[in-house]
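All values derive from a computational prediction rather than experimental measurement. Counting starts at 1 for both ligands and their atoms, in listed order. Residues: numbered from 1 along the sequence shown.
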Amino acid sequence: MKIGIVCYPTFGGSGVIATELGKGLASKGHQVHFITYRTPVRMDSFQENVFYHEVPTHDYPLFEHAPYETALTSKLVDVINYEKLDILHVHYAIPHASVAYMAKKILLSQGRYIPVVTTLHGTDITLVGQNASYQPVVTFSINKSDGVTAVSDSLAKDTYNHFDIKKDIQVIPNFIDFKRFRKSNKDHFKKAIAPNGERILTHVSNFRKVKRVEDVIHIFKAVYDKVPSKLLLIGDGPERQPLEQLCREIGLCHEIRFLGKQDAVEELLAISDLFLMPSESESFGLAALEAMACEVPVISSNTGGIPEVNIQGKTGFLSDVGNVEEMAVNAVKLLSDDDLLNQFRKAAFEQAKRYDIAHILPMYEEFYKHVIETEVIQ
Ligand code: GMT
């Protein structure tokens with residue numbers, strides 16, 4: 001198949017999944033065309049069957065912001081026509097689903113049909129998509145997609161609850177590539193970060209409010225008082241500065257390391273003992289799955305799709321959003337008992353295997369075939 005993929009090229013989970021999906025499909029012989037404003041972060045080396053089309057925007061004195069949606073639509077029309085794509089798969093509804101609809105309509109006016117699949121990822125539905133500025137367009141463009149997928153049962157339910165959706169939503173969960181995410185020996189890193197054998201707690205996110213990174217720091221403080229430990233904060237985003245301030249206020253700057261955005265997250269997960277994800281809302285929790293693949297149990301909130309990934313009392317512990325005390329008690333329980341921690345490590349790895357890319361990729365291939373075969377002009 002010749003597949004077009006539109007996504008955010010940044011460190012966000014939707015861009016990561018879109019890029020890994022494209023790379024996986026290309027390795028199975030499909031021709032994959034990424035169409036976006038920058039090279040996606042996970043598209044880090046040359047790969048056969050992978051093509052990249054940058055969306056150029058054109059500034060004009062009248063524009064306060066160059067209209068990206070218009071530029072993306074034009075680029076889609078051009079690439080779909082020239083490369084003769086069979087299907088277009090857009091990740092994150094805003095603005096990609098409505099842009100895809102517009103491109104499809106333009107192509108139809110030229111006598112060409114392109115089926116569109118939209119994958120819903122999370123905040124496009126649970127947060128920003130519900131804002132009155134976007135809601136009608138999100139509803140319309142989901143209903144007009146030829147196929148719709150969501151990354152968890154919870155997200156599919158949220159979509160039906162918050163939007164007037166007539167389409168079937170197929171759940172295809174996120175996935176993990178075990179060639180990259182697996183436990184490896186990085187003892188030299190461990191010694192550098194925790195020279196006295198301290199436990200290592202890790203958090204990875206884009207440091208937005210929804211991630212509640214301040215809870216991560218409060219959990220760490222309570223753990224630190226009982227178990228010698230270090231905290232690694234990986235990623236970057238709008239909350240970083242107040243978080244650094246919080247570290248100063250609680251006097252733990254020397255034990256908490258802000259590592260910024262990291263390409264090789266798996267190397268840091270390989271030395272971690274526990275992963276913290278206290279998010280306010282989380283449709284899936286890809287970062288937790290990446291940790292579990294590296295045999296790291298997860299202390300998380302019980303919101304959204306997280307309970308589908310992190311299993312209570314088996315791969316980690318889940319608590320109500322904001323219940324920092326309980327999260328800290330559970331963290332201490334795991335970190336102060338080697339046997340228990342090892343048992344959870346193994347279970348986390350076993351659970352992660354359910355999301356092996358080798359199982360999930362064929363679901364997308366089947367779904368594409370189904371959508372292409374059931375052509376409905378809308
Ligand atoms: O909020 C993020 O971390 C980024 C966001 C995105 O769409 O880029 O992530 C969402 O999609 C990920 C991939 O499907 C999911 O694993 C995350 O749970 C989801 N984030 C939220 O729901 C907050």
Return the residue, atom name and 0.1 Å-rounded distance of the protein heavy atom closest to atom 9 (O) of ligand 1. Gly13 N, 4.1 Å
Please say whether Tyr92 places an N or O atom under 3.5 Å from an N or O atom belonging to ligand 1. no
Ser283: numbered ligand 1 atoms lying under 4.0 Å from its heavy atoms: 15 (C), 17 (C), 18 (O), 19 (C), 21 (C), 22 (O)
Flag Ser281 as yes when one of its N or O atoms lies below 3.5 Å from any N or O atom of ligand 1, and as no otherwise. no
Considering only heavy atoms of Thr123, which atoms of ligand 1 have at least one such atom less than 4.0 Å away? 23 (C)
Will you find, in the side chains of Ser141 and Ser98, an N or O donor that is under 3.5 Å from an N or O acceptor? no
Those atoms of ligand 1 less than 4.0 Å from some heavy atom in Ser14: 6 (C), 7 (O), 8 (O), 13 (C)
Looking only at heavy atoms, is any part of Asn174 under 4.0 Å from ligand 1, and if so is it the side chain, the backbone, or both, or is it neither? side chain
Taking everything shown except Lys2 itself, do over 12 heavy atoms lie less than 6.0 Å from its NZ? yes
What protein heavy atom is closest to atom 14 (O) of ligand 1, reported as residue, atom name and distance in Å? His121 ND1, 2.7 Å
Give a yes/no on ligand 1: does Lys211 have at least one heavy atom closer than 4.0 angstrom to it? yes
Can you see whether Thr123 engages Tyr92 through a side-chain donor-acceptor pair at a distance of less than 3.5 angstrom? yes
Give the atom numbers and elements of ligand 1 that come within less than 4.0 Å of a heavy atom of Leu286. 16 (O)
Which of the ligand 1 atoms, numbered from 1, are nearer than 4.0 Å to a heavy atom of Gly12: 8 (O)
Geometric N/O contact Gly285 with ligand 1, under 3.5 angstrom: yes
Answer yes or no: does atom CG of Asn131 have more than 12 heavy-atom neighbours from other residues, nucleotides or ligands under 6.0 Å? yes
For ligand 1, which atoms, with element, lie under 4.0 Å from some heavy atom of Asn206? 1 (O), 2 (C), 3 (O), 4 (C)
Which residue in the set Lys183, Lys230, Lys190 passes salt bridge (Lys or Arg N to Asp or Glu O under 4.0 Å) when paired with Asp273? Lys190
Provide the number and element of each atom of ligand 1 under 4.0 Å from a heavy atom of Gly122. 22 (O)
Using non-hydrogen atoms of the residue, decide whether Arg208 is closer than 4.0 angstrom to ligand 1. yes
Test item: side-chain donor near acceptor, His91 and His121, under 3.5 Å: yes
Residue, atom and distance of the protein heavy atom nearest atom 21 (C) of ligand 1 read Glu282 OE2, 3.5 Å
With a 6.0 Å cut-off on ring centres, are Tyr60 and Phe63 close enough? yes
Using the ring-ring contact (aromatic ring centres under 6.0 Å, His included) rule, take Phe349 and Phe181 through it: C-alpha gap first, then chi angles, then the decisive distance, then the call. CA-CA 10 Å; Phe349 176 67; Phe181 285 91; over 10 Å; no
Using residues 65-85 as the side-chain source, report each donor-acceptor pair under 3.5 Å to any protein atom, sequence neighbours left out, with the distance given to one decimal.
| residue | atom | partner | partner atom | Å |
| --- | --- | --- | --- | --- |
| Thr73 | OG1 | Glu69 | O | 2.7 |
| Ser74 | OG | Thr70 | O | 3.1 |
| Asn81 | ND2 | Gln110 | OE1 | 2.9 |

Taking only heavy atoms of Val151, which atoms of ligand 1 are found under 4.0 Å from at least one of them? 14 (O)
Between Gly15 and ligand 1, is there a nitrogen or oxygen pair with a distance under 3.5 Å? no
Go through the side-chain N and O atoms of Asp236 and Asn206 and say whether any donor and acceptor fall under 3.5 Å apart. no
Aromatic rings Phe258 and Phe207: how do their planes relate, parallel, tilted or perpendicular, breaks at 30° and 60°? tilted
